[in-house]
Amino acid sequence: MLHAVWNACKFVGVAIPVSITFLDNVGSVARVHGSSMWPTLNGERSNSPDYVWLNSFATRNFTVERGDIIAFTSPTDPNRVLIKRVVGLEGDIVQSSSTRYSNLRIRQGFVWMEGDNKDKSMDSNTFGPVPRGLVLGKASLIIWPPARFRRLKTEADRSYPSVLVENGFATTKNQPAFTSPKISPTSPSDVPTGVFASDDSADGIKT
Amino acid sequence: MMRLPTGLLFGPFSSVLLSVARYASGSFTSRLSSPRLANGSSKSWRLLKATIKYGCIMYVVNNYIVDFFVCIGPSMEPTIQSHDVVITEHISQRFGSLRRGDLIVARSPINPTSFICKRIVGLNGDLVYDENLHLVKVPRGHVWLEGDNARDSVDSRRYGPIPEGLVRSKLYFRLWPLSRFGRIVNFKRRSLPGEDLEELSSY
């Protein structure tokens, strides 16, 4: 009896680490909430949510391509995971739909993520560029429901209206990015103090 | 900041050591006549299985409980000096109990494959100064990191607040050098602009 309990403990003590290692480094299944990636994910709104295969091995070095659908930890809440499409890469100049970020050059190590359904998406237009260190995996397959089973393509050739210049200022990579996110400001009052500065931050306070 | 490759090296290495120890003690040979071996379980297959097993256990320990780091660079002097070996723990970060003044290891926002070791100076909602002495409010879910050696540190004053999701673990114990062997106390902290330190008796 005791021997059986010990054997069960030994099995669990090995099975749990092996499965965690697999889920972290190879891939896992995730359910998609919300309609921010409609129509690519959760295409039929009334039906059950889509389940996608997140390929963590593809993003093991935190490398992403334009058009990839990526799951990442939310920059505003470390306990939430978001799934969006990579629209801008480092060096690109992007413009958000709101007036908050215009002519923003994406700094080294960051990406610009947007939902396919622009109206219903909380994405980089809300919280700014996302550090690549938050990337968890690349959604490569819809595996459930079976009727929607398909591969998710990297849509690199699609035109993304928020990207103004692709890799525009690659030659001036060493400029201090945090203090100069804005290129050719329209008026001095538009210049934000920082990329992450929220609306109520002390914009003009100087010491 | 360099991570000791314990997950990659320690796992297979310890498993090989364990396998060799078992081989030497005779348990390998005594099982040669067992029915399991007759099913095609060879010595190399069992070695591979042990390697995977202990490698996975080391991975989970390193990524969810404790891991070892060699701190390189002058940014945290004099608290942490270059080439100190420290143990960091993931428990505080996982349960969200990070406080101002904690020494933490985070993924660099500039190069996600490398790590940085800094002190948390500001949490969500705090007002802090950036490198141009502008007041910046730390946004929701972010932390403001600074090195103790302010003149020789690339930190949040340069690249802004970083998301809490990038914070990996909290420094807990110093192993090397032996003259400073012991627990790392996370107490030092500066007052934030417009804040009275005496009010923070709970800290």
Practice task
Measure the shortest side-chain to side-chain distance between A:Pro131 and B:Pro163 over non-hydrogen atoms and say whether it is less than 4.5 angstrom.
Solution key: yes
Exercise for the section: State the CZ-CZ distance between A:Phe62 and B:Arg107, to the nearest 0.5 angstrom. Expected result: 3.5 Å
Exercise for the section: Might you confirm whether atom CZ of A:Arg80 has over 12 heavy atoms from other residues, nucleotides or ligands at distances under 6.0 Å? Expected result: no
Practice task
Give a yes or no on whether A:Trp53 atom CH2 has more than 12 heavy-atom contacts from other residues, nucleotides or ligands under 6.0 Å away.
Solution key: yes
Exercise for the section: Kindly check if the number of other-residue, nucleotide or ligand heavy atoms within 6.0 Å of CG (A:Asn7) is above 12? Expected result: yes
Practice task
For atom NZ of A:Lys153, decide whether the heavy atoms of other residues, nucleotides or ligands shown that lie under 6.0 angstrom number more than 12.
Solution key: no
Problem - Whether A:Arg132 side chain and B:Thr113 backbone form a donor-acceptor pair below 3.5 Å - result: no
Handout entry: Heavy atoms of other groups near B:Tyr64 OH, more than 12 under 6.0 Å
Key = yes
Exercise for the section: Using a heavy-atom cutoff of under 4.5 Å, enumerate the residues of residues 22-31 of chain A that contact chain B, numbered in order, or state 'none'. Expected result: A:Asp24, A:Asn25
Problem - Atom pair CZ (B:Arg94) and CG (A:Asn79), whose distance is rounded to the nearest 0.5 Å - result: 9.5 Å
Problem - Exercise: identify the closest heavy-atom pair between A:Leu134 and B:Gly165 - result: CD2-C, 3.5 Å
Practice task
Mark yes when over 12 heavy atoms from residues, nucleotides or ligands other than B:Arg140 sit less than 6.0 Å from its CZ; otherwise mark no.
Solution key: no
Practice task
Quick one: pull up CD in B:Glu164 and CG in A:Asp77 and give me the separation to the nearest 0.5 Å.
Solution key: 8.5 Å
Exercise for the section: State the CD1-CZ distance between B:Ile110 and A:Phe110, to the nearest 0.5 angstrom. Expected result: 8.0 Å
